[in-house]
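Computed from a predicted structure; not experimentally measured. Order of the sequence lines fixes the chain letters, A, B, ..., with proteins taken first and strands second; residue numbering starts at 1 for each chain.
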Amino acid sequence: MLKIYNTLSRKKETFIPIHKGKVGMYVCGMTVYSDAHIGHARTYMAFDIVRSYLEWKGYTVIYVQNITDVDDKIIAAANREKSDPLCYSQKCTDKCLTDLDRLGIQRAGIYPKASENIDNMIQMIQKILDNGYGYISDGDVYFSVESFPKYGRLSGQKMEKIQSSGRINGDEKKRKAEDFALWKKQKPGEPYWDSPWGPGRPGWHIECSTMSSKYLGLPFDIHGGGLDLVFPHHENEIAQATAATGKEFANYWMHVGLLRVDGEKMSKSLGNIVNVRDLLQKYHPETIRFFYAQTHYRTPPDFSPAAMKIAQEGLTRITRAREKLHQKACPQELKRNELTSTEKDYFDAILQCRAEFEQAMDDDFNTPRAIAAIFDFVKMTNKHLQEKHPGLYQYAYDTLTELGNILTLFREEKKIDETICEQLTKLAEKYVEVMPKKEIDALMIAILDARDKARDKKEWEKADMIRDKLENLGFEVQDTAQGTTWRMR
RNA sequence: GGGCGGGUAACCUAGAGGCAAGGUGGUGGACUGCAGAUCCACAUACGUGGGUUCAAUUCCCACUCCGCCCUCCA
């Protein structure tokens, strides 16, 4: 039974979808005016896993993630570049989504853009006005927060406190400081759309109320985003959608803990924003994803080279076990009562891993616990590498792959560098008597065979030389009691 | 000032009213020409002070430290 921590109640609640077998999920997307950074990736990774797990549980998931392409900062950036804001944001959108693709984060089902839903927003604003929750002021339209008694429920704020804090922006055009803009009157040099209140553009919050209800209908199941969006953005979304439609908005609110960098908040002012693209120069996408998955989605992860190293090494441990399984696996009928007793132990361990994995994920998508289950499974695998049943290994391999996929692991195959084969051939020419086919496997077998002969003759220098050269080409060579094994890093 | 969430070994990360789990690292052992991998074993932890309880690290209160939001933020 899946439980989700709901920001609304600050408790874990049993997940019950509105429509049986279906889940509607809306996640606040990027404001596209620069590159995607690892904070974005953190959030979309988290929801990629949420989506994957829900699908694994048998739900059909409709995943909507908006693109904010109408915004002050976009306009400012476009003006600096002397280009049209919408063209500029289109370019950024493509870049950002491509970066996330390269990180191996699966795309949402629908990416609605603010600029393409202005009419819908105007309609919603009109309804808010019709229902008495907003007012017009010199070409601007504002939401009147005091007219919406439930305001503050999501973030635990009390209206009086918000007002008395003195921290929110006053404005002559607003009746109350806490009111927020639904529609902003056009300013010179800015893009605008016509509306019943004159030319202008929508406020930021309205796009999410509008597009979520347009694509998912109200109410819908899950609304997610970064923890920083709880107030005021999500609070405002609820107010707007409810004021306009009278319907409930979202049932479960999920918020992702914000990524930190070397123990500090990641921000423009600190100048420590790490772009996805730059990070991909240094680390394999799978390592980055594993790093994220190692921290529960509500806990702020701390990004650092040291943390990446830990992720890298842990992931390698899993990968090695999976490769060994792959080598031994072959589809074959599997009946528990036909297994030897040690094979039964292993088979039961696989079942145990599945059960623990599901239990962990059912508990508010507890990926660190799920990963612990996988590590337990890896340990059992390494202990049982002497079994004889290929079907058992197939089942183990399939299980590890299936569960890993939910955590975004094993999504890409290793790329084989074209030049590796040539370099291996050169090595073989030097040490091998009979040249094998120019394929990596054949070359490796021949080279390692030559090395074994050297080892038999106790020619350690030669053997170590070969091993060093292979290591340099990216091969991990290990001598074990069962012979020499190799793998690509 | 208001709201929210945290402080678990050397480090990272889970957890729960009664054995505190996983990873990285460390130590010892098995294996081994060496290296590596793997397995086995071991060591080190619940911020402080109260309270509730047979029992708290887990619940409550205070204190303290840290972070996030209240301005754009995933």
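Judged by the 6.0 Å and 45° rule, R322(A) forms a cation-pi pair with F410(A).
Rounded to whole Å, atom P of G22(B) lies 13 Å from atom CE of M380(A). Rounding to whole angstrom units, CG of residue L229(A) and P of A74(B) are separated by 7 Å. At whole-Å resolution of the value, CG in D468(A) and P in C34(B) are 16 Å apart.
Look at the P atom in both A43(B) and A10(B): the space between them is 15 Å, to the nearest Å. With C1' as the reference atom, G49(B) and A56(B) are 15 Å apart, rounded to whole Å. Atom name C1', nucleotides C39(B) and C31(B): the rounded distance is 9 Å, in whole Å.
Between the side chains of Q294(A) and T367(A), no donor N or O sits under 3.5 Å from an acceptor N or O. Judged by distance alone, the side chains of Q352(A) and E356(A) do bring a donor and an acceptor atom under 3.5 Å apart.
The local environment of OH in Y192(A) is sparse, with at most 12 non-hydrogen atoms from other residues, nucleotides or ligands closer than 6.0 Å.
Note: F15(A) and Y252(A) meet the aromatic proximity criterion, with ring centroids under 6.0 Å apart. The aromatic ring centroids of F47(A) and Y297(A) lie 6.0 Å or more from each other.
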- Could you write nucleotides 11-19 of chain B as a row of B, S and -, 5' to 3', where a protein heavy atom under 4.0 Å of any base atom gives B, of only sugar-phosphate atoms gives S, and otherwise -? --SSS----
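Comparing A74(B), A37(B), C70(B) by their closest approach to the side chain of K324(A) singles out A37(B).
Remark on RNA chain B: of its neighbouring residues K379(A) and Y5(A), the 5'-side contact belongs to Y5(A), judged by nearest-heavy-atom nucleotide.
Taking a centre distance below 5.5 Å and an interplanar angle below 30 degrees as the stacking criterion, Y44(A) does not stack against the six-membered base ring of A74(B).
No donor-acceptor contact under 3.5 Å links the side chain of R10(A) to the base of C4(B).
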